Trainee: 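Starting off with a structure, shown below.
In the text below, chain A, chain B and the rest are named by the order of the sequence lines, each starting its count at 1. What you see is a predicted model; the values in this text were computed from it and never measured.
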Amino acid sequence: MTTALPDLPEGYYLDNFRRLLDTVVDRYDDLLSPDDRDFVKRFRALNQAPARLLVRLYTRKGPFFRRDKLNYPEIPDLDAALTDLAQSGLVDLSPELTAGELARLLTLAELRRLDWLPDRKAAKAVLLEMLDEWPDVQPASDWQVDIPILLPRHWLTLRRLQLMYFGNEYQSLTDFVLSDLGLFQYEPYSLDRRQRRFNTALEIDQQLALNDLKAEYYQAQENGDRDTLLQLAGDLLRDDWCESIRDRLDRLRNRVGFRLEQWGELDTALALFQTNDQPPARERRCRIDYKAGRYQIAWDTLQQLRDRPRDATEIRFGQRFMPRLARKLSQPVDPDPVHAPIEHRACWPRGNGSVEQLACEHLPDSVWLENLLPLGVFGLIHWDLVFREVPGAFHHPFQQGPADLHDPDFLNRRGTSPQRLYRELTARDARDRIRRHWSAKFGRFNPFVHWAALDETLVLRCFDTVPWEHWVAIFHHLWLDLRRHRAGFPDLFQFRPGQDAGYRFIEIKGPGDRLQDNQRDWLAVFSEAGIPAEVWYVDYA
DNA sequence: ATCGAATTCG
DNA sequence: TTCACACACTCAG
DNA sequence: GAGTGTGTGTCTCGAATTCGATAC
Ligand SMILES: [Mn+2]
């Protein structure tokens with residue numbers, strides 16, 4: 001099915017960029033760096049053609065470009081535009097670059113014509129790796145390449161502008177386009193101009209720095225690069241990070257800590273885990289102290305964790321670790337009751353698809369949707385709450401959800417709580433909301449509703465089948481930690497008219513597969529709430 | 001010749 | 001903003 | 001039970017283009 005896309009006006013991308021720039025200057029004038037200001041001044045002085053060209057470049061990857069790869073019918077005199085950009089100081093027409101940077105601009109054939117190439121036979125990837133070691137920086141002509149190369153000078157400012165506008169670094173000007181084309185539909189909330197996403201220049205710099213560290217982390221862990229990781233840990237352990245990026249910072253600290261723990265750097269890992277209480281920090285602290293024989297310290301941490309568990313992983317850890325640690329300290333143990341899930345065995349001939357699909361075919365009237373079904377019901381019922389316009393929730397028109405969705409006080413800030421929510425909401429109203437939102441909001445982004453996976457009949461039937469108290473129990477658990485509790489839901493939902501509860505959740509396990517922790521966590525919730533859930537172990541006939 | 005990854009565009 | 005899950009293996013008790 | 005490491009499908013658009021790797 002192909003639907004015709006609407007035409008965009010010529011130069012639409014420049015309009016979009018100006019919208020972004022004007023918004024940022026309007027909101028964050030006091031937070032702009034000298035470079036940012038310099039850029040704004042120069043850019044606003046440009047004529048249309050050079051301005052268009054620059055924005056074209058900014059929507060591409062770069063950072064260097066070959067002149068002969070630029071071709072825009074709506075900018076007829078490209079060279080004149082380039083000259084303007086060079087005179088404005090926005091583009092460097094003879095930038096110095098490393099051999100690696102240059103090589104990325106050339107095809108393999110072009111590359112092999114160069115005298116200084118160390119290996120004429122090598123594959124391009126190998127060549128790039130070699131050339132990346134070369135420190136020399138010089139203009140392309142000095143590398144004996146006569147293709148004109150250019151470099152926009154303000155990439156960092158572009159990064160900062162986009163960060164200020166979107167509040168993140170994964171959205172960009174394409175979000176304007178996709179929205180205009182109707183490919184991405186966003187809830188039309190009104191924007192909040194009272195509370196800004198950033199309040200100091202330092203926050204912006206630190207968020208950029210944190211994103212860099214994150215990228216470095218992925219790189220380092222992929223390469224098994226311990227030294228880089230240790231150095232990274234040093235940066236993360238500094239105490240001059242802003243409070244406003246605390247959450248993101250702690251998550252990275254824990255990730256780096258976890259990897260360092262695996263690599264045997266226990267001291268550094270422990271230091272990282274000691275900076276915060278975000279799961280799994282306290283669990284890891286306990287385990288590291290336990291292994292080091294510091295049982296009393298581990299015990300103290302464990303008590304705090306059990307007193308006030310942050311999420312299901314901490315509850316589970318507390319239950320399992322308590323007896324072990326108590327034995328070491330000769331403390332009396334009173335093990336928590338453990339819910340044993342209902343288990344079944346089945347033996348079916350192997351099919352073409354996955355074991356879940358096979359089970360879905362054998363179990364009548366079942367669907368394989370994992371968490372998409374409960375999350376979809378959750379999202380449809382709570383649509384208005386999620387998109388309620390409270391200060392600080394919506395900063396730009398392209399958000400899938402409110403900025404503070406994952407903050408622990410999300411509900412509090414909206415003047416409610418899980419208890420209050422479901423005291424005031426009846427099953428009839430909830431059903432009505434699902435129907436209303438399905439037709440009124442269809443296709444719009446929502447952090448919980450994945451439209452393509454669901455259909456209205458199924459969602460309503462499922463809603464009607466599961467008793468409202470069961471939904472409420474599921475929702476309560478979701479609210480405890482929207483980020484961590486959205487995974488681990490059983491594979492299948494089966495309708496069973498007239499039998500038992502009329503439905504059941506089923507987690508399918510193929511040969512050799514076992515329950516994961518977050519799946520256990522949901523099963524514990526189900527067991528607590530009397531929700532029918534089973535684990536089926538499948539063998540192939 | 002063919003395939004897939006990366007890039008660009010609207 | 002990458003992750004969630006299945007699958008496979010080891011080790012200890 | 002606990003830990004580690006892999007592979008696989010999501011990569012929330014889809015068409016067009018280019019390039020490199022691989023096989024023949
Ligand atoms: Mn399963």
Trainee: Pick the P atom in B:dA5 and in D:dG7, then give their distance to the nearest Å.
Mentor: 15 Å

Trainee: Under 4.0 Å between any heavy atoms, over every strand shown, what does A:Asn518 touch: base, sugar-phosphate, or nothing? Just pick one.
Mentor: sugar-phosphate

Trainee: So A:Arg112, base contact, sugar-phosphate only, or nothing? Heavy-atom distance under 4.0 Å.
Mentor: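 If one applies the 4.0 Å heavy-atom cut-off, A:Arg112 turns out to touch nothing in the nucleic acid.
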
Trainee: A side-chain contact here means heavy atoms from C-beta on lying under 4.5 Å apart; do A:Phe489 and A:Leu375 qualify?
Mentor: no

Trainee: When the distance from CG of A:Leu372 to P of D:dG9 is rounded to whole Å, what number comes out?
Mentor: 17 Å

Trainee: Report yes if some heavy atom in the side chain of A:Leu305 is under 4.5 Å from a heavy atom in the side chain of A:Arg310; otherwise report no.
Mentor: no

Trainee: Using a 4.0 Å heavy-atom cut-off across all strands, classify A:Lys214 as base, sugar-phosphate, or nothing.
Mentor: sugar-phosphate

Trainee: When you measure from the side-chain N and O atoms of A:Lys124 to the phosphate of D:dT22, is any distance below 4.0 Å, counting only OP1 and OP2?
Mentor: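 Indeed not, no polar side-chain atom of A:Lys124 lies that close.
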
Trainee: In whole angstroms, how far is the C1' atom of D:dT12 from the CZ atom of A:Arg444?
Mentor: 17 Å

Trainee: What's A:Arg316 touching, base or sugar-phosphate or nothing? Going by heavy atoms closer than 4.0 Å.
Mentor: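 No contact at all - A:Arg316 keeps every heavy atom at 4.0 Å or more from the nucleic acid.
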
Trainee: Check step by step if side-chain contact (heavy atoms from CB on, under 4.5 Å) holds for A:Phe442 and A:Gln185.
Mentor: CA-CA 9 Å; A:Phe442 187 86; A:Gln185 293 171 254; over 6 Å; no

Trainee: Map A:His450 and A:Trp263 onto DNA chain D by nearest heavy atom, then report which one ends up closer to the 5' terminus.
Mentor: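 Its nucleotide being nearer the 5' end, the pick is A:Trp263.
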
Trainee: What verdict does the side-chain contact (heavy atoms from CB on, under 4.5 Å) test give for A:Leu54 and A:Phe17, after you've listed the backbone C-alpha separation in whole Å, the side-chain angles of each residue and the deciding distance to 0.1 Å?
Mentor: CA-CA 10 Å; A:Leu54 188 63; A:Phe17 183 72; over 6 Å; no

Trainee: Does D:dT12 have a Watson-Crick or wobble partner in any strand here, with both distances under 3.5 angstrom, and which is it?
Mentor: none

Trainee: Among C:dC7, D:dA2, C:dT1, which nucleotide has an atom closest to any side-chain atom of A:Arg251?
Mentor: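 Side chain of A:Arg251 sits closest to C:dT1.
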
Trainee: For D:dG20, does the base pair up with any side-chain atom of A:Arg104 as donor and acceptor (N or O, under 3.5 Å, distance only)?
Mentor: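 Under the 3.5 Å cut-off, the side chain and the base do not form any donor-acceptor pair.
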
Trainee: Find the distance A:Leu252:CG to C:dT2:C1' and express it as a whole number of Å.
Mentor: 14 Å

Trainee: For B:dT2, what is the paired nucleotide under Watson-Crick or G-U wobble rules, both distances under 3.5 Å?
Mentor: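 Pairing partner, where one exists within any strand: D:dA21.
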
Trainee: Would one find a side-chain N or O of A:Arg486 under 4.0 angstrom from OP1 or OP2 of C:dC5?
Mentor: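 Answer no for this pair, as no side-chain N or O of A:Arg486 is under 4.0 Å from OP1 or OP2.
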
Trainee: For A:Gln516 and C:dA4, is the shortest distance between a side-chain N/O and OP1 or OP2 below 4.0 Å?
Mentor: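 So the side chain of A:Gln516 is outside the cut-off, no N or O lying under 4.0 Å from OP1 or OP2 of C:dA4.
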
Trainee: Please classify the nucleic acid contact of A:Gln185 as base, sugar-phosphate, or nothing, using heavy-atom distances under 4.0 Å.
Mentor: nothing

Trainee: So, the side chain of A:Asp175 versus the backbone of A:Ser172: is there a donor-acceptor pair under 3.5 Å, distance only?
Mentor: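 Present.
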
Trainee: According to a strict under-4.0 Å criterion, is A:Gln519 in side-chain N/O contact with OP1 or OP2 of C:dA6?
Mentor: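 For C:dA6, OP1 or OP2 has a side-chain N or O of A:Gln519 closer than 4.0 Å.
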
Trainee: Regarding A:Arg484, tell me which of base, sugar-phosphate or nothing describes its non-hydrogen contacts under 4.0 Å with the strands shown.
Mentor: nothing

Trainee: Looking for any heavy atom pair under 4.0 Å, which part of the strands does A:Arg255 touch: base, sugar-phosphate only, or nothing?
Mentor: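 Sugar-phosphate, no base atom in range.
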
Trainee: Of all residues at least two apart in sequence or in a different chain, which pass the side chain to side chain contact (heavy atoms under 4.5 Å, CB included) check with A:Leu117?
Mentor: A:Leu111, A:Arg112, A:Arg120, A:Leu127, A:Leu131

Trainee: Mind running side-chain contact (heavy atoms from CB on, under 4.5 Å) on A:Phe176 and A:Tyr12 for me, showing each step along the way?
Mentor: CA-CA 10 Å; A:Phe176 285 83; A:Tyr12 66 91; over 6 Å; no

Trainee: Have a look at A:Glu169 and say if it touches a base, only the backbone sugar-phosphate, or nothing, with a 4.0 Å heavy-atom cut-off.
Mentor: nothing

Trainee: Regarding A:Asp491, tell me which of base, sugar-phosphate or nothing describes its non-hydrogen contacts under 4.0 Å with the strands shown.
Mentor: sugar-phosphate

Trainee: Would you give a per-nucleotide map of nucleotides 4-10 of chain B, 5' to 3', where B means the base has a protein non-hydrogen atom under 4.0 Å away, S means only the sugar-phosphate does, and - means neither?
Mentor: ---SSSB

Trainee: Give the rounded distance in Å between these two atoms: CG of A:Asp513 and P of D:dG7.
Mentor: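 Taking atom P of D:dG7 as the reference, CG of A:Asp513 is at 17 Å.
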
Trainee: Using a heavy-atom cut-off of under 4.0 Å over every strand shown, decide if A:Ala452 touches base, sugar-phosphate, or nothing.
Mentor: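 Nothing, no heavy atom under 4.0 Å.
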
Trainee: Can you check whether A:Arg56 reaches A:Tyr72 side chain to side chain, under 4.5 Å on heavy atoms?
Mentor: yes

Trainee: Without decimals, in angstroms, what is the distance between A:Gln262 CD and D:dT4 P?
Mentor: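 Those two atoms, CD and P, are 4 Å apart.
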
Trainee: Regarding A:Asp250 and A:Gln278, is there a side-chain donor-to-acceptor distance under 3.5 Å anywhere?
Mentor: no

Trainee: If the C1' atom of C:dA12 is compared with that of D:dG3, how far apart are they to the nearest Å?
Mentor: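 My reading of the C1' atoms in C:dA12 and D:dG3 gives 11 Å.
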
Trainee: C:dC5 P sits how many Å from A:Leu492 CG, rounded?
Mentor: 14 Å

Trainee: For nucleotides D:dG9 and B:dG10, find the distance between their P atoms and express it as a whole number of Å.
Mentor: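 It comes out at 33 Å once rounded to the nearest Å.
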
Trainee: Atom CZ of A:Phe258 to atom P of C:dC3: distance rounded to whole Å?
Mentor: 13 Å

Trainee: Looking at A:Arg284, does any N or O in its side chain come under 4.0 Å of the phosphate oxygens OP1/OP2 on D:dG3?
Mentor: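 Yes, such a contact exists.
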
Trainee: So A:Arg514, base contact, sugar-phosphate only, or nothing? Heavy-atom distance under 4.0 Å.
Mentor: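 Counting heavy atoms under 4.0 Å across all strands, the contact made by A:Arg514 includes a base.
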
Trainee: Can you tell me if A:Lys509 and A:Gln519 form a side-chain donor-acceptor pair at under 3.5 Å?
Mentor: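 Checked: A:Lys509/A:Gln519 side chains pair up, N/O donor to acceptor below 3.5 Å.
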
Trainee: Rounding to a whole Å, what distance do you find between A:Arg324:CZ and C:dG13:P?
Mentor: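 The distance from CZ of A:Arg324 to P of C:dG13 comes to 10 Å, rounded to the nearest Å.
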
